[in-house]
2 protein chains.
Amino acid sequence: MILEKMMNNTPVTLKFLAEKLKMSVSTVSKALNNYPTINEYTKQRVQELARELHFLPNKSAINLKERKSHLIGIILPNLLDHFFTRSIYGVEQFATQNGYNIIISQSHDDLEKEIQSANMLLRNRVDGLIVAISKHTQDFAHLNQFENMGIPVVYYTRNPSFNLSCHKVLGNTFQGCYQATKFLIDRGHQKIAYLGGPKMINFTHDRFNGYINALKDNQLPFSSQLVAYTDFDPENTISAIKKLFTDTENVPTALVAFKEPILFDAIKYLKSINYPNFNKIECIGFGNTSFISYLNSPPIASIEENPESVGTNAIKLLLQLINKEIDIRNYQKIMVDCKLVVHG
Amino acid sequence: MILEKMMNNTPVTLKFLAEKLKMSVSTVSKALNNYPTINEYTKQRVQELARELHFLPNKSAINLKERKSHLIGIILPNLLDHFFTRSIYGVEQFATQNGYNIIISQSHDDLEKEIQSANMLLRNRVDGLIVAISKHTQDFAHLNQFENMGIPVVYYTRNPSFNLSCHKVLGNTFQGCYQATKFLIDRGHQKIAYLGGPKMINFTHDRFNGYINALKDNQLPFSSQLVAYTDFDPENTISAIKKLFTDTENVPTALVAFKEPILFDAIKYLKSINYPNFNKIECIGFGNTSFISYLNSPPIASIEENPESVGTNAIKLLLQLINKEIDIRNYQKIMVDCKLVVHG
DNA sequence: GTAATTATTTCAAACGTTTGAAATGGAGTT
DNA sequence: AACTCCATTTCAAACGTTTGAAATAATTAC
């Protein structure tokens, strides 16, 4: 009879177990949750039957009762950037360990999609949100809704550039860039170029400062001729590289770049024009892409941003906020150090 | 008064709206769901207040009532392989359009983690599952649970190699490999090597067959000297390449490889040993990696596997199964064609 | 003006849990 | 025999929706 019930897939609920065992639903519930007031023998009987019938508590019911979803929302620009996929790994691991599941949504760097994602996650009543904002996010109404409803939000990596009060977990991009520049200085370079990224991404400036400060701390002069900016469009990178390497007499011998794909575009171009002393130029970029070993003029080192650690820090902070171990208005800022990885 | 209630974040529920409007909960519910029996004016009033107070229906409650979670589970080996992240894009788009959210879990090619993921998704009562199994999955008990509970499962890309009855969406890897081989033949190559992947991945054999058939259809002889197998370990790729290119008199002039990273390892090695006529060798691999443009001995073409389309097909099939437009026991097999992308 | 019809709203149960309060059934005490 | 006390179990309400059936109000027909 029990088997029969299983077969025509009537769901196995507390009520069903209770009927089989001829006891009340609450006894069954409490037995499964190991309440001290329940008799040991009763617990055994209940747990045994539950196992036998593959009882799975219905999460929707629990969530409704507990007014929790046990869901963490993540909004990020895309899953094609390994920084983000690696960061998810850190989030997922820690979240799962603590009984939360994650629900990922890509904004594709589009504000409209980001708003949609936010609303979707809101409808799903996520217990918290981790977000790397799109390039175009200036207005935060769709994200502020969460805090207004008491749902904590942690901004990570990409975050509001103006100092909006919010929880942040960031790569210590200043330190990373400082370290890379210092490394090149220690190798004897005097003229180190800096190839910056889109100015609208908030940490662009921090990286530049890392570069500047390393120069200053080592008594090297700063020259604006050695600095250029680009974005992810290879054309613009080529223009920037022309400024730095060909249309100048202040020729650099080393280069620190905003991000590896940009650096690769730069290297590709220099190589394509047979730039004199090309293989003397030492380059470093943010990223530590796994493909580096296939390049045959690879960067000398990479600035590893430890995305897993950024993710882990973000979820840890978020869980503290959810559990009210930290007050939601007591805004936190966590920096995760970068690490210089020397190749070869 | 209304504002006050909003402020101390009492949740805005149907009941709350009903009280404000002095009508019953069911009227409010029906008004929001646009029931024809509800008076137009009433609908207006309800919808206006709902908008004003940012009413968001509680999904847990709806899910409980409807016995649905509106959640699609995805289990895949990892998010670092662009094939998978691109496939997710296809899934996400279509799922969202149809009112489903996706919840992604990585197995890291570990059976134990895959089992955990499966159980987690089961507890969350996903309405359907899309899965690319781990390399080590031989036993399917943890995945069969879903169908036993009436939850449809679509295997995609990686799927049970023996012809287990199940729904499958696969890249037409035979056709892709055939096309690539044919392309090389048409360019005049007579000796085309085939570098295969791990034999435990089910579609390895299909690719090989594509290669073989292209040779046969074009009256080229097959030689086992021109075939070698490897996995993702560069050491093994080097051994395979030695067999194919150096320890033989039957020297190939072209190469079809199982996957691009493997092909890159091969190219890197041949280059490193200054293989004679290196730049005459024409290579093709599965993948169409975005990094190809940075290589300076890039493959002549890529076999684009259209992961987005694989994803879209998987979710479309899954939704048909969920909606019972296709019987769950009426096992489907969908092939998604590859496309040869010629570089340069 | 009453009955019949139609439009609209409300009732009430259900989905599957959790949990404090109340009830039950002994055992131990006097 | 009546009482207290404890262990254990059950009751009942609640979480926020949905939805068919029932009730009510408004309109039309005769």
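Letters go in sequence order (proteins before strands), and every chain restarts at 1. A quick note: this is a predicted structure, and the numbers were derived from the prediction, not measured.
- As a whole-Å value, the separation of Asn39(A) CG from dC6(D) P is 18 Å.
- OP1 or OP2 of dT18(D) lies within a sub-4.0 Å distance of a side-chain N or O belonging to Asn33(B).
- The Lys30(A) side chain lies nearest to dG20(C) when the options are dT17(C), dT17(D), dG20(C).
- Note on ring orientation: taking the six-membered ring where Trp is involved, the planes of Phe84(B) and Tyr156(B) are perpendicular (angle over 60°, cut-offs 30° and 60°).
- Across all strands, Thr42(B) comes closer than 4.0 Å only to sugar-phosphate atoms, never to a base (heavy-atom distances).
- Along DNA chain C, the nucleotide nearest Pro57(A) and the nucleotide nearest Ser24(B) are compared for position; the residue whose nucleotide lies closer to the 5' end is Ser24(B).
- Ring pair Phe140(B)/Tyr155(B) is perpendicular by interplanar angle, where above 60° counts as perpendicular and below 30° as parallel.
- In this structure, the OH atom of Tyr35(A) is 17 Å from the P atom of dA7(D), given to the nearest Å.
- Rounded to a whole Å, the CG atom of Leu56(B) is 14 Å from the C1' atom of dT17(D).
- Between Tyr41(B) atom OH and dA7(C) atom P the separation is 21 Å, expressed in whole Å.
- Checking dT17(C), dT17(D), dC11(C) against the side-chain heavy atoms of Lys65(A) singles out dT17(C) as nearest.
- The side chain of Arg67(B) lies closest to dG16(C), out of dT10(D), dG16(C), dG16(D).
- The pair Arg67(A)-Asp127(A) does not count as a salt bridge, with every side-chain nitrogen at least 4.0 angstrom from each carboxylate oxygen.
- Taking atom CZ on Arg125(A) and atom C1' on dT17(D), their separation rounds to 11 Å, with Å as the unit.
- Contacts of Thr37(A) with the nucleic acid, taken as non-hydrogen atoms under 4.0 Å apart, include base atoms.
- The CE atom of Met23(A) sits 16 Å away from the C1' atom of dC11(D) (whole-angstrom rounding).
- Between Thr27(A) and the phosphate of dT9(D), there is no side-chain N or O to OP1/OP2 separation shorter than 4.0 Å.
- Look at Asn58(A) and you won't find any side-chain N or O under 4.0 angstrom from OP1 or OP2 of dT17(C).
- Cation-pi contact between Lys316(B) and Phe94(B): present, with separation from the ring centre below 6.0 Å and deviation from the ring axis of at most 45°.
- Separating the CG atom of Leu32(B) from the P atom of dT17(D) is a distance of 9 Å, rounded to the nearest angstrom.
- No donor-acceptor pair under 3.5 Å is formed between the side chain of Gln320(A) and the backbone N or O of Glu325(A).
- To the nearest angstrom, P of dG16(D) lies 16 Å from CG of Asn124(A).
- Of the listed nucleotides (dA12(C), dT17(C), dC15(D)), dT17(C) has the atom at the smallest distance from the side chain of Leu14(A).
- Using a 4.0 Å heavy-atom distance criterion, Leu17(A) is classed as making no nucleic acid contact.
- Taking 4.0 angstrom as the limit, Ser29(A) places a side-chain polar atom (N or O) nearer than this to OP1 or OP2 of dT18(C).
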